[in-house]
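Below is one structure, written out as structure tokens; comments come after it.
All ligand and atom numbering here is 1-based and tracks the order in the structure. Quick caveat: nothing in here was measured; it's all calculated off a predicted structure.
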Amino acid sequence: MTILVTGGAGFIGSNFVLDWLARSDEPVIDLDRLTYAGNLENLRSLAGDPRHIFVRGDIGDFDLVATLLAEHRPRAIINFAAESHVDRSIHGPEDFIQTNIVGTYRLLEAARGYWNALPEADKAAFRFLHVSTDEVYGSLGPDDPPFSENNRYEPNSPYSASKAASDHLVRAWHHTYGLPVLTTNCSNNYGPYQFPEKLIPLMIVNALAGKPLPVYGDGLNVRDWLYVKDHCAAIRVVLARGRVGETYNIGGWNEKTNLEIVRIVCRLLDERRPRPDGASHASLITFVKDRPGHDRRYAIDATKIARELGWRPAETFETGIEKTVAWYLDHPDWVAHVQSGAYREWIGRHYGE
Ligand code: NAD
Ligand code: TYD
């Protein structure tokens, strides 16, 4: 048996592939276009491992995907591939429309053609698992209950709108064509291999470089943070036991303001890598112009996946963030390599350096 993973060189996808192959010998076909966010260094420990078959390509390339499916005959597709950064979606939505909407559509079509031709038993066992986000539900008020699977879709950014569109396509391919799909909507992830354009790794790498820590607006926007390996575990249980056609919200029961997050990161860095002048890294916190349309609060009610599938996060925020900070401190080469020309150009454009 084999699975096809898309976006397996990105942050969550590479953690998923590494964890999968640490637990099982079932091979992974890893289809990734290697955009700025895809990084084969994340998968370096798998070099020469015949269980990991990496293919550089686009989920929107129907012929390539159809050929891969015919050749490797996977029992499941797990779709991580996406443009994933809200700020980039504000500067340039086109790539988000192409990959997240058109790409998912073409992937679904290739999957449908392959699945239709499978023998009955394989057809019944096949799964298309679509990895999505809590951002499709929009923004919560301070006293609103967390998002459940029944919340209305109210996406506010080009990123979340494109993910919402992809979720609807996945749903429609199930209801109309019977494709056995599963959708997961997860809260903000953090952990090893996250590209330092997202809040937590950006704060770590800037703090270590003595650069300003840019906090948008008043810093009181709330996110529900989940350690990436807990997300990967949730995807594995949904794949194994999730009910076809259902969606599962995944979250850490861990709401924090951005300012709380940045201060925790600074405290850990103060302990592990004190600044030569003795000042706290928190002295680098700089309030900057808010993100347009900035969602105020996200929070996930993960009761359904806990009740139906028995999933709970293994990490608390305290243990997860310690591991994350330690990982970045232990991997200066990885950080240096991702801070390529394209990365510097983005930072310059977005933060006006
Ligand atoms: P990421 O940006 O780190 O990685 C995305 C990967 O997809 C990269 O390796 C990139 O090269 C690849 N890719 C992009 N366009 C492609 C295309 N057209 N064809 C093939 N590959 C392509 O993203 P991530 O943070 O790992 O997120 C993975 C998935 O999880 C996304 O679908 C995202 O919406 C979802 N998600 C992310 C979070 C989070 O906090 N990061 C939370 C919930 C859900
Ligand atoms: P981010 O990691 O981009 O994830 P998302 O927007 O998908 O939730 O941002 C997390 C929060 O941190 C969000 O409220 C925006 C805020 N943020 C900053 O305050 N400063 C920054 O430099 C970045 C990248 C994000």
What I want to know is whether [X] and ligand 2 share at least one N or O pair that is separated by under 3.5 angstrom.
X	answer
Lys198	no
Trp225	no
Arg223	yes

Self-check item: Heavy-atom proximity to atom 3 (O) of ligand 2, best of Arg291, Glu197, Arg297
Solution: Arg291
Exercise. Classify the angle between the aromatic ring planes of Trp225 and Tyr190 as parallel (below 30°), tilted (30 to 60°) or perpendicular (above 60°).
Key: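 Plane angle over 60°, so perpendicular.
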Quiz item: When the ring planes of Phe147 and Tyr298 are compared, do they come out parallel, tilted or perpendicular, using 30° and 60° as the limits?
Solution: tilted
Looking at [atom], what's its closest protein heavy atom, distance included?
atom	value
atom 25 (C) of ligand 2	Tyr216 CE1, 3.6 Å
atom 16 (C) of ligand 2	Asn258 ND2, 3.4 Å
atom 2 (O) of ligand 2	Leu199 N, 2.9 Å
atom 4 (O) of ligand 2	Asn188 ND2, 3.3 Å

Quiz item: Is the distance between the ring centroids of Phe128 and Trp115 less than 6.0 Å?
Solution: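 Distance test on ring centres: not under 6.0 Å, no.
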Self-check item: Centroid-centroid under 6.0 Å between Tyr36 and Phe195 rings
Solution: yes
Quiz item: Looking only at atom types and distance, does a side-chain atom of Thr183 sit under 3.5 Å from a main-chain N or O of Val181, one as donor and one as acceptor?
Solution: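 Side chain of Thr183 to backbone of Val181, a donor-acceptor pair under 3.5 Å: no, none is there.
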Self-check item: Sidechain-backbone polar pair: Ser132 side chain, Asp167 backbone, donor-acceptor under 3.5 Å
Solution: no
Those atoms of ligand 2 less than 4.0 Å from some heavy atom in [X]:
X	answer
Val215	19 (O)
His85	3 (O)
Leu202	22 (O)
Tyr351	21 (C), 22 (O), 23 (C), 24 (C)
Pro214	18 (C), 19 (O), 20 (N), 21 (C), 22 (O)
His294	13 (C), 14 (O), 15 (C)
Glu135	5 (P), 7 (O), 8 (O)

Quiz item: So which heavy atom on Asp95 is nearest to which on Glu83, and how close?
Solution: O-CG, 3.7 Å
Quiz item: Between Pro155 and Tyr153, which heavy-atom pair has the shortest distance, and what is it?
Solution: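 Scanning both residues completely, I find the closest heavy atoms to be CD-C, 3.5 Å.
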Exercise. I would like to know whether Ser280 and Ser283 meet side chain to side chain donor-acceptor pair (under 3.5 Å); could you show each step before the answer?
Key: CA-CA 6 Å; Ser280 168; Ser283 63; 5.9 Å; no
Quick one: does ligand 2 sit under 4.0 Å from the side chain of [X], the backbone, both or neither, non-hydrogen atoms only?
X	value
Asp295	neither
Val86	side chain
Tyr159	neither
Ile200	neither

Quiz item: Do we get Arg106 above Phe62's six-membered ring, with its NZ or CZ under 6.0 Å from the centre and within 45° of the axis?
Solution: no
Quiz item: Centre of Tyr216's six-membered ring, under 6.0 Å away, within 45 degrees of the axis: is that where NZ or CZ of Arg291 sits?
Solution: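 So Arg291 doesn't make the cation-pi contact.
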Quiz prompt | Amino acids contacting ligand 1, non-hydrogen cut-off under 4.0 Å | solution =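 Within the 4.0 Å shell of ligand 1, which is judged on heavy atoms, sit Gly7, Ala9, Gly10, Phe11, Ile12, Asp32, Arg33, Leu34, Thr35, Ala37, Gly38, Gly57, Asp58, Ile59, Phe80, Ala81, Ala82, Ser84, Thr99, Val131, Ser132, Thr133, Tyr159, Lys163, Cys186, Ser187, Asn188, Asn189.
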Under a 4.0 Å threshold between the charged nitrogen and the carboxylate oxygen, would [Y] count as salt-bridged to [X]?
X	Y	result
Glu255	Arg223	no
Lys163	Glu135	no
Asp218	Arg296	yes
Glu308	Arg241	no

